[in-house]
**Student:** 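Have a look at the structure that comes next, please.
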Amino acid sequence: MSEIITLGPDGQLIVPPAPTIPIIVGDGIGPDLWRAARPILDAAVARGGHGPINWLEVLAGQEAKTKTGEHLPEETLAALKKYRVSLKGPLGTPVGGGIRSLNVAIRQKLDLYACIRPVTWLPGCPSPVKRPDLMNMIIFRENTEDVYAGLEWPAGSPEANRLIDLAGQEFKVKIRPGSAVGLKPMSEFGSKRLIRMALKWALEIKAPNLTLVHKGNIMKFTEGAFRSWGYELAASEFGALTVPENEATAGETRLIVKDRIADNMFMQTLLRPDEYSVLAMPNLNGDYLSDALAAQIGGLGMAPGANVGDGLAVFEATHGTAPKYAGQDKVNPSSLILSGAFMLDFMGWKDSGHLVRQALTRTLADKIVTYDLARQMDKVSPTATSAFGRAVLDRMGGER
């Protein structure tokens, strides 16, 4: 019988033996990914002595539009909220028009304010950098504010023209006529709750440092404020456990809190990746940096992710729908597999999450890879999505 994940008095998840977990299969390559990922996750849960998971398929994206007339039905949002922990494949978003991003809509409607992206290289995976083994970071990206708040108006629209006029009349700011206009809201509340989650995570895993990534040298009152609020929060709520970088001493045992300007952080991740552990940043910086780090461990096909709020989490493949490959049994399912493993960790079933990553690493070591990784390797032929999934499943369990 299925059961519902609940919250304890301390806000921690209470996971029953056989929880119901909603799954959004997704658009494009989503069905291919799920067919490969589900048996792996089910086997890891069973071998870890948990479960079974009762997967509840809920609709979003094109299938939802076809069946219900809506891209994101209220029933789906209600299920994600009720069951608290969910998994999803990629959902399509038109560029420059059409529906707004369904991924952003889910995050905002459920107030999933933290996008969490662990970035760790798995041995055997190709990489464009010399020492991918030095990469072990986790990004906390604010999900609801910044430019992703969706406050923008097209060039020539009455709204944009009115804002341009207002800026000139009230604030003496000249904006070129005919410009498109957007707003970049960043609140103390939104910034601090994201940074608070990152600080708690860093302390729990005993990370050596947390870095606030910002562009505060230019955007002083938005991104600069994010930096200031971060240091302020660390001192006021975690003072005995944290220390600013400029006050840290040799052999420091407290969590070192530092900050880096966003463009410099891109360089640091290439030159000195081992000096950084947990990163907290506003939305747009996190969007760029997440993909840049993923490139160093094999690409988005190897990058897990989650959108997390207070008592709610939706784990997701971090790449797009790749519609030209839909139904071709070709793409890499590892992002969804690893997101599922991340979900199992989050539920407290870390032994099962470890089994997934261990089996995936063994598969890569045997040079069994899909086309996206094969093209980065010498004399390696690509494996189909389904065959890759079976190979991972075969390598789960006992020692080789």
**Student:** May I ask you to test the T385-R35 pair for a side-chain heavy-atom distance under 4.5 Å?
**Tutor:** no

**Student:** Going by atom types only, do R260 and Y276 share a side-chain donor-acceptor pair under 3.5 Å?
**Tutor:** yes

**Student:** When you group the ILVMFWY residues by side-chain heavy-atom contacts below 4.5 Å and let the links chain together, are L199 and I205 in the same group?
**Tutor:**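 Cluster IDs for I205 and L199 match.
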
**Student:** Between E316 (side chain) and L87 (backbone), is there a donor-acceptor pair under 3.5 Å?
**Tutor:**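 Pair absent, no side-chain N/O of E316 close to backbone of L87.
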
**Student:** Would W55 and D42 count as having a side-chain donor-acceptor pair, cut-off 3.5 Å?
**Tutor:** yes

**Student:** To the nearest 0.5 Å, tell me how far H319 NE2 sits from S334 OG.
**Tutor:**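 It comes to 8.5 Å.
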
**Student:** Is it the case that the side chains of N285 and H214 hold a donor-acceptor pair, with the cut-off being a distance below 3.5 Å and no angle test?
**Tutor:**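 No, N285 and H214 have no side-chain donor paired with an acceptor closer than 3.5 Å.
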
**Student:** Are the ring centres of Y371 and Y325 closer than 6.0 Å?
**Tutor:** yes

**Student:** Write down the atom of G309, the atom of M197, and the distance for their closest heavy-atom approach.
**Tutor:**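 Where G309 meets M197 most closely, the heavy atoms are O-CE, 4.1 Å.
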
**Student:** Within this structure, what is the CG-CZ distance for the pair L284 and R141, rounded to the nearest 0.5 Å?
**Tutor:**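 Reported to 0.5 Å precision, the distance equals 8.0 Å.
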
**Student:** Could you check L373, D372, V380, D378 and say which one makes a side-chain contact (heavy atoms from CB on, under 4.5 Å) with P126?
**Tutor:**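 Going through L373, D372, V380, D378 one by one, the side-chain contact (heavy atoms from CB on, under 4.5 Å) with P126 is satisfied by L373 alone.
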
**Student:** Is a salt bridge present between D146 and K184, judged by a nitrogen-to-oxygen distance below 4.0 Å?
**Tutor:** yes

**Student:** I need the single residue from V278, L241, V243, L203 that forms a side-chain contact (heavy atoms from CB on, under 4.5 Å) with L255. Which is it?
**Tutor:** L203

**Student:** Using side-chain heavy atoms (C-beta onward) and a distance below 4.5 Å, is F238 in contact with R196?
**Tutor:**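 Yes, at least one pair of side-chain atoms sits under 4.5 Å.
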
**Student:** Just checking, any donor-acceptor pair under 3.5 angstrom between side chains of N246 and K258?
**Tutor:** no

**Student:** Hydrogens and angles aside, do S191 and E142 bring a side-chain donor and acceptor to less than 3.5 Å of each other?
**Tutor:**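 Absent: no donor and acceptor within the cut-off.
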
**Student:** How many angstroms lie between CD1 in I14 and CG in D10, if you round to the nearest 0.5 Å?
**Tutor:**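 Rounded to the nearest 0.5 Å, the CD1-CG separation comes out at 7.5 Å.
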
**Student:** Hey, what do you get for CG (N136) to CH2 (W121), rounding to the nearest 0.5 Å?
**Tutor:**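 These two atoms lie 12.5 Å from each other.
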
**Student:** Assess the side chains of D32 and Q328: does a donor N or O sit below 3.5 Å from an acceptor N or O?
**Tutor:**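 Their side chains do not contain a donor-acceptor pair, so the 3.5 Å distance test is not met.
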
**Student:** Is a donor on one side and an acceptor on the other found under 3.5 Å between the side chain of S179 and the backbone of R176?
**Tutor:**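 Pair found, side chain donor or acceptor close to backbone of R176.
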
**Student:** Would you call the rings of H50 and W349 parallel, tilted or perpendicular if under 30° counts as parallel and over 60° as perpendicular?
**Tutor:** parallel

**Student:** Is M137 reachable from L270 through a run of I, L, V, M, F, W or Y residues, each pair having side-chain heavy atoms under 4.5 Å apart?
**Tutor:**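 Different clusters: L270 never reaches M137 through Ile, Leu, Val, Met, Phe, Trp or Tyr contacts under 4.5 Å.
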
**Student:** Any side-chain to backbone donor/acceptor pair from S335 onto A303? Under 3.5 Å, distance only.
**Tutor:**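 Between the backbone of A303 and the side chain of S335 there is a qualifying donor-acceptor contact (under 3.5 Å).
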
**Student:** Before giving the answer on side chain to side chain contact (heavy atoms under 4.5 Å, CB included), spell out for M265 and L289 the whole-Å C-alpha distance, their side-chain angles and the decisive distance to 0.1 Å.
**Tutor:** CA-CA 8 Å; M265 190 68 226; L289 198 56; 3.8 Å; yes

**Student:** Side chains of S277 and N209: any donor to acceptor distance under 3.5 Å?
**Tutor:** no

**Student:** Any sub-3.5 Å donor-acceptor pair from R84's side-chain atoms to G311's backbone N or O?
**Tutor:** yes

**Student:** Quick check for you: to the nearest 0.5 Å, what is the distance between F315 atom CZ and I116 atom CD1?
**Tutor:**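 Result: 7.5 Å between the selected atoms.
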
**Student:** With no hydrogens and no angle check, do the side chains of D329 and S386 hold a donor and an acceptor under 3.5 Å apart?
**Tutor:** yes

**Student:** Between N283 and E145, is there a side-chain donor-acceptor contact under 3.5 Å, judged purely by atom types and distance?
**Tutor:** no

